[in-house]
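Have a look at the structure below, then the notes.
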Amino acid sequence: MNVPLYQPEEAARHSTPFEWIGGEDKVHALVERFYDLMDLEPGYRELRAAHGSTLDNARQRLFWFLCGWMGGPQHYTERFGHPRLRMRHMPFAIGIQERDQWLACMDQAMGDTGVDAVLRERLGKSFFQTADWMRNTPA
Ligand code: HEM
């Protein structure tokens, strides 16, 4: 994603956002909570509807992707090469509503899994940049 996730003072305390968040177990818990919420919460209905009947594939791949994106193990690129997220999302209509539901769902998941408030805000800004860049329909 486009925006650096941490500034030098944080980098001095945590070598990567991956370490800061608490490693693979924490990223895994975050992704599980994210898709559980997407499944459960009426406020994310349109986002859920854009996905297939099962979220299993998405759970696995977002976990792999986020580990690498946060500076941890490159599970995703080892398996699939460059993420090319915008291209991979072209089959799904992403407008303002889907973008905002994705971001709200992720923010709620970060809150529920106890992500540090400073990191949560920084990740939120970076998620916004990427989700906004992935919009491919006007509405
Ligand atoms: C920052 C925002 C987002 C990130 C980081 C992200 C990340 C990902 C990743 C890594 C995958 C797996 C890609 C693959 O290997 O095929 C994926 C799949 C997917 N994403 Fe996103 N995504 C974002 C936003 C969205 C939004 C706004 C939508 C709304 C429609 C969406 C819908 C989907 C769907 C439908 C899949 C396919 C799931 C499946 O294969 O079952 N994503 N996303």
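Along the sequence shown, residues carry numbers from 1. Remember, it's 1-based here, ligands and their atoms both numbered in the order they're listed.
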Below 4.0 angstrom from a heavy atom of A58, which ligand 1 atoms are there? Numbered from 1 as shown, please. 38 (C)

Which of the ligand 1 atoms, numbered from 1, are nearer than 4.0 Å to a heavy atom of Y76: 13 (C), 14 (C), 15 (O)

With sequence neighbours left out, write down each residue that passes salt bridge (Lys or Arg N to Asp or Glu O under 4.0 Å) with R86, or none if nothing qualifies. none

Would you say Y35 has any N or O atom under 3.5 Å from an N or O of ligand 1, going by distance alone? no

Side chain, backbone, both or neither: the part of L85 lying under 4.0 Å from ligand 1 by heavy atom: side chain

How about F127 and W69: are their ring centres within less than 6.0 Å of each other? yes

Within the 4.0 Å heavy-atom shell around N57, which atoms of ligand 1 are there? 40 (O), 41 (O)

Quick check, are the ring centers of F34 and W102 under 6.0 angstrom apart? yes

Determine whether any heavy atom of F92 lies closer than 4.0 Å to an atom of ligand 1. yes

What part of W64 sits under 4.0 Å from ligand 1 if we count only heavy atoms: the side chain, the backbone, both or neither? neither

For ligand 1, which atoms have a heavy atom of L47 less than 4.0 angstrom away? 28 (C), 29 (C)

Residue E98 vicinity, atoms of ligand 1 by number, heavy atom under 4.0 Å: 27 (C), 29 (C)

Do L66 and Y76 have side chains that approach each other closer than 4.5 Å (heavy atoms only, starting at C-beta)? no

Which of the numbered atoms in ligand 1 are below 4.0 angstrom from a heavy atom of L62? 7 (C)

Is T77 close to H82 at the side-chain level, that is, under 4.5 Å between some pair of heavy atoms? no

Would you please name every residue forming a salt bridge (Lys or Arg N to Asp or Glu O under 4.0 Å) with R59, sequence neighbours left out? E32, D36

Counting each atom of ligand 1 from 1 as listed, which ones have a heavy atom of A50 under 4.0 Å away? 30 (C), 35 (C)

Which ligand 1 atoms, with their elements, are less than 4.0 angstrom from a heavy-atom of M134? 2 (C), 3 (C), 4 (C), 22 (N), 23 (C), 24 (C)

If you check every N/O/S atom of H89, which is the one nearest atom 21 (Fe) of ligand 1? NE2

Please work out whether any backbone atom (N, CA, C, O) or any side-chain heavy atom from C-beta onward of M106 is under 4.0 Å from ligand 1, and answer side chain, backbone, both or neither. neither

